[in-house]
Amino acid sequence: MHLAEELNAQLIVDTLFVFDVPVIGDLTISESIFISWIIILAVLILCLIFTHNLKVHNPGKRQLAAEAAVTWIQNLIKDMLGEEAIEYTEYLMAVLIYIGLANTIGLFGMKPPTKDLNITIALAVMSIIVVQVAGIRKKRVGGWLKSFTQPVAIVTPLNIMELAIKPLSLCMRLFGNVIGAFVIMEIIKIVVPIGIPVVFSAYFDIFDGLLQAYVFVFLTSIYIKEAIE
Amino acid sequence: MLNISPTTMVFTIINLLILFFILRKFLFKPINNIIAKREEEMKAAEEEIRKREEETIDLKAQLDEQLANIEDEKTAILADTNAKAAIEYDKIVNAAKDEAAVIIDDATKKAIIEQERVKKAAEGQIADIVVQATEKMLAGTVSEEENRELYEKFLNKAGGSQ
């Protein structure tokens, strides 16, 4: 079937390069990694543009916009984390910006990297590592191990299972939302190529994309808060 | 779509860390630094204003105190001066009174002396005239006319000496 074939072609994560690294073996650079690099490069360039020539007095419009944006995101995440976990603000800001940009990059005609399960798995793994590190830093190893037996000893297996469930839910939620939005957008684009996709793109790429980035960061911040309680 | 690729995962983690460091170094730090600097400056300015205000209040209190002191001092000096002036006035008036008394006394004495002197002189002259007249009358050589002349001379002399 014509439509299914086209959709399938879009859904496949292309392999862009294969590097032959002596010790490790073949390094496959997928499309999603490459797009992530583009995102990083764009962020770097934007950062340099926006923080160029910062002034304490009489800041320009560019600087005011940058300050407002950073302050806004910072306060958003600080409010989620609370006073206790304020040191993880910058990491979560980076995650929010990365997922936000990755989800909305469909607007520029690129495939969102977050529709690659490997990317969302890596993000979820990073999140759960940060959560556990936060717990260990706060309670020391003994306290952290003990926290698995709380509130009652019988829930210990559940708590250990949560180590896998939390990141799994994080990565599946993000992946499912993005791939769902991507499939619908691709179908719409195939059926009605002009006009209609813009309207739907506003919802699926911008609203849902940013919402999922927010949800991911929000849940991670809740897990961090839980871990340091 | 669903094939698991450890390379992609590892790269994603590295990417995320790189993005984190880029954002931290090139966005969060500079922006937060500049905001912190501005806040610091504002705080410093506020502190400065507060300090100035305190200084002004202190200065005002000082000036008020000084003003009160000046008022007190003025009253004291005025009272002092008045007292001194009264003393000086009394002194001058008393001195003048004493002087006047001395002058009056002096004048009175002088007048008395003068009077005494004139009296004595007149008495001497009258005695002389009487002696002369007596001598001439006793000599008998005096005519009626001479007599009259003498008499008138006496009268004239007696009147002139007065």
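The chains referred to below are lettered A, B, ... by the order of the sequence lines, with proteins before strands, and numbering in each begins at 1. Excluded from the calculations below are hydrogen atoms, water molecules and symmetry mates; all remaining heavy atoms, backbone and side chain alike, are included.
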Rounded to the nearest 0.5 angstrom, the CE-CD1 distance for B/Met9 and A/Ile33 is 10.5 Å

Correct closest heavy-atom pair for B/Ile4 and A/Asn118 would be CA-OD1, 3.3 Å

Shortest non-hydrogen pair, A/Thr51 vs B/Phe26, comes out as CG2-O, 2.9 Å

Bottom line for A/Pro59: the part with an atom under 4.5 Å from chain B's heavy atoms is side chain

Heaviest contributor of heavy-atom pairs below 4.5 Å to chain A, chosen from B/Ile34, B/Leu17, B/Asn32, B/Thr7, is B/Ile34

Okay, B/Leu27 and chain A: the region with an atom under 4.5 Å from a heavy atom over there is both

Please walk me through it: do B/Leu23 and A/Met93 pass side-chain contact (heavy atoms from CB on, under 4.5 Å)? CA-CA 9 Å; B/Leu23 281 171; A/Met93 282 170 84; 6.0 Å; no

Bottom line for B/Ile18: the part with an atom under 4.5 Å from chain A's heavy atoms is side chain

In terms of heavy-atom pairs under 4.5 Å with chain B, the winner among A/Val125, A/Ile97, A/Thr89 is A/Ile97

Using distance only, find each side-chain donor-acceptor pair of residues 53-65 of chain B under 3.5 Å and give its atom names and separation, not counting sequence neighbours.
| unit_1 | atom_1 | unit_2 | atom_2 | d |
| --- | --- | --- | --- | --- |
| B/Glu54 | OE2 | B/Arg50 | NH1 | 3.0 |
| B/Thr56 | OG1 | B/Arg52 | O | 2.6 |
| B/Lys60 | NZ | B/Asp64 | OD2 | 3.4 |

Correct closest heavy-atom pair for B/Arg38 and A/Val56 would be NE-O, 2.9 Å

Taken to the nearest 0.5 Å, the spacing of B/Ile35 CD1 from A/Thr71 OG1 works out to 3.5 Å

Okay, A/Ile129 and chain B: the region with an atom under 4.5 Å from a heavy atom over there is neither

Whatever's closer than 4.5 Å to a heavy atom in chain B on A/Leu44 counts as both

Heavy-atom closest pair (A/Ala94 atom, B/Leu19 atom, distance to 0.1 Å) is O-CD2, 3.7 Å

On a heavy-atom basis, the closest approach of A/Ile40 and B/Asn15 is CD1-O, 3.5 Å

